[in-house]
Each structure stands twice: as C-alpha cells, then as structure tokens.
Protein chains: 2
Amino acid sequence: MIPSINMVTTKEILDTIESGGHRPTASRRRVLDAVVARGDGFTAEELVAEVKGLGRATIYRTVRLLLKEGLLCKLSLQDGAPRYTLFHRLGHHHHLVCVGCGVVQEFRQSVIEQMLMNLEASGTGTIMGHRIEVYVLCPACLPKVGS
Amino acid sequence: MIPSINMVTTKEILDTIESGGHRPTASRRRVLDAVVARGDGFTAEELVAEVKGLGRATIYRTVRLLLKEGLLCKLSLQDGAPRYTLFHRLGHHHHLVCVGCGVVQEFRQSVIEQMLMNLEASGTGTIMGHRIEVYVLCPACLPKVGS
DNA sequence: CTACTAAATGATACCTAGTATCAATATGGT
DNA sequence: ACCATATTGATACTAGGTATCATTTAGTAG
C-alpha cells in the first residue's frame, strides 16, 4: 500500500482509543483490521460477518466506540442499515455515495459553509450540525445500469 | 385554519392517490387525517399510536404508498426512526430539523444546485439525488437547553 | 341490486438491526 | 501474583418494519 496523507492504520486508531482511556484489546484490534482493510462504506453487520469468532455485541460496541472517538463517520442512508467510513484527515467533509456499489467518496465545498451561515443569519435557529449526502452512479456502475 | 399556498387537505391527497390507481378507502382517509393534522416531523409509529383500530401493516403500507406517490418526504435522521413530512408545494427543498422538538422546516438554496453541477462536472459520477439536512435548535428550544 | 374480480386489510409470524443484562474473562497497575 | 475494573460473549430482548394469507371491501359489469 502506498502511504498517503489519508492513510490510517490499525495501530494509529488503537493509539487514539488508548489515549481516550480504553484498552487496546485483541478483539478491538481484529475489528480495526477489518475496518481498515474495508475502508469505506461498510455496515456493522458486514463486520460481524467478516470478523469471525467475536460476539455481535462486541462488534457493535466497537463501532459505537469508534464513532464516539470520532474515528468513524456514520451515514444514515435512505434505506437499509447505516454505513460507516473511516474519518480520514480531510477534516470536515461531505459524502458522495454510489447507489450502485456503495462506494463512498468525500468532498468539501466551502460554498456550503457559506450557505449555512446565511441560513443561520436568517433567524431559523442555531445550527447544531448538518448532513449532506450526494447519491451518484460512479463511472464504474453507470454502464451496468443501462439508460 | 387560514388557507395558504402550502395547505394540503386530506381530500387533495386522496384524489392524488386515486388518480394513481389506488382506492380511496376509509382506512386511508383516517391515516391521512392524522398525517394532515400532524403535518410535519412524525414517525410511522406515532401514526400507529394515533390512529386506533387500524392494523400496523395498513399504516406502514399507507406511509409507503404516500412516499411512492411523492406526497411525503422521508427524513432518515442520525438516530431513531425516520420521520416523515408532507411534501408541500414548495417543490424541491431541503430540511431544517430542530434537535430539541423535532419540528421540521423547509428551505431552498439555489447555491446548492449550483454546487452539485460543479461536483458532477468534476467527474465523480452521475448525480442521482442528494440529501441535505441541517440540525438546529429553534428559537423556542434554545432557552430550554441552556448553554 | 347482485355477482364478480382485484385491491386492501388485519392478524400473525417473521426479519433486521441493534441494545441490555450479567456472569465469565482479560487487562493494566501495584 | 493480586486486585479492581474494563471488556467480552451468550442470551434475551426491543424497535421498526415486512411477508403471508385468509378475510373483507371497493369498484364494475350485468
């Protein structure tokens, strides 16, 4: 694997977990290996299927822990179970999800932050967060679907 | 009730359903009354609780029908069951959800459509749809939360 | 009005995704 | 090695929703 600014290793994540006061156990290492190998756009249930020999509860707990520590993003899609992606070091971003294969890309658009400031200024309330997901057919899936 | 451009009545919805080849039954009328009375930000389970004497399946089927006919918007929030809102005649819009009371407002921002065109032009794929939800504390809820 | 056909319904069982409980086990610190 | 605590797995449970299928109801032709 070619290292990149976005590369995240199991060890890095484990260190973050440990510095948050949680133990870097063998079970967590195994879940993390699967998460890192899988990268983006996986569901909790897919981890359960991939990481044999660990209880479902442990895997769900690990996912919750990673979310709490800010290491995963949760995408609540229109249908089906939420999908998770590693939170890369891109900082705040939005998601581009392929409706064909489920691959998730990230993007940033400063115009969005600008729009949110305008919205808040218009008196609708104090903005606590936002979620932006764009559904695409990626170049690989487009031909499969036909017209 | 003061009529407005966004007002939607049970009868109007029932007519739309009928013109889609579905029967305007008594059960559907009762669900629609609850939907219209409730307006925005309700869950399917809330309808089940409000509309006594109808089977759960019927209520879920009616919600599915309304979604298919484009009369409801589905909001898949970060946690909990999806919430539904009447699709008012505002046309395409986005949602502003109060994290305190669940009230949903709609907004439009042409800057978003512009951004999406730029995104598509950058070659990431063919855009099939998008979802934008902004979480706010509405002016009524802000004082309740404190700092 | 009656009969017919298809749509709609309710009860039920079932399913998926996820959480709570709690006894057993593993971990880090001393 | 020992202790306190975190973690784990098995299990039962919950929420939210769907599939099945016998029964009922709505529209329609006579």
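We name chains A, B, ... by the order of the sequence lines, and we start the count at 1 in each one.
- Side-chain N/O atoms of B:Arg56 and base N/O atoms of C:dG10 include no donor-acceptor pair closer than 3.5 Å.
- Close to D:dG16, at under 4.0 Å from its OP1 or OP2, lies no side-chain N or O of B:Thr43.
- As a whole-Å value, the separation of A:Ile59 CD1 from C:dT16 C1' is 16 Å.
- Between B:Thr25 and C:dT9, a side-chain N or O to OP1/OP2 separation shorter than 4.0 Å is present.
- You won't find any donor-acceptor pair under 3.5 Å spanning the side chain of A:Arg23 and the base of D:dT7, going by distance alone.
- The phosphate of D:dT8 has OP1 or OP2 within less than 4.0 Å of a side-chain N or O from A:Ser27.
- B:Glu46 and B:Tyr84 are not linked by any side-chain donor-acceptor pair at a separation below 3.5 angstrom, with hydrogens and angles left out of the test.
- The CZ atom of B:Arg64 sits 17 Å away from the P atom of D:dG16 (whole-angstrom rounding).
- Side chain of B:Glu69 to main chain of B:Ile17: no donor-acceptor pair is present (N/O by atom type, distance under 3.5 Å, no hydrogens or angles).
- Between the CD1 atom of B:Ile17 and the C1' atom of D:dG27 there is a distance of 16 Å, given to the nearest Å.
- Distance alone, capped at 3.5 Å, places no donor-acceptor pair between the A:Thr124 side chain and the A:Glu120 backbone.
- Here A:Gly53 lies in heavy-atom contact (under 4.0 Å) with sugar-phosphate atoms only.
- Between the NZ atom of A:Lys68 and the P atom of D:dA6 there is a distance of 12 Å, rounded to whole Å.
- Here B:Lys11 does not pair with B:Asp33 in a salt bridge; the nearest charged N to carboxylate O distance is not below 4.0 Å.
- As a whole-Å value, the separation of A:Phe42 CZ from C:dA17 C1' is 16 Å.
- The CD-C1' distance, from B:Glu18 to C:dA6, rounds to 15 Å in whole Å.
- Comparing B:Ala26 and B:Ala57 along DNA chain D, the residue whose closest nucleotide (by nearest heavy atom) sits nearer the 5' end is B:Ala57.
- Looking at B:Arg61, its side chain has no donor and acceptor atom pair within 3.5 Å of the base of D:dG17.
- Distance, A:Arg28 CZ to D:dG9 C1': 14 Å, rounded to whole Å.
- When rounded to the nearest whole Å, the span between NZ of A:Lys74 and C1' of C:dA17 equals 11 Å.
- Both A:Leu54 and B:Ala81 lie close to DNA chain D; mapped to their nearest nucleotides by heavy-atom distance, the more 5′-ward contact belongs to A:Leu54.
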- Task: Could you check A:Ile127 against B:Leu137 for side chain to side chain contact (heavy atoms under 4.5 Å, CB included), going step by step and ending with a plain yes or no?
- Result: CA-CA 6 Å; A:Ile127 292 181; B:Leu137 266 175; over 6 Å; no
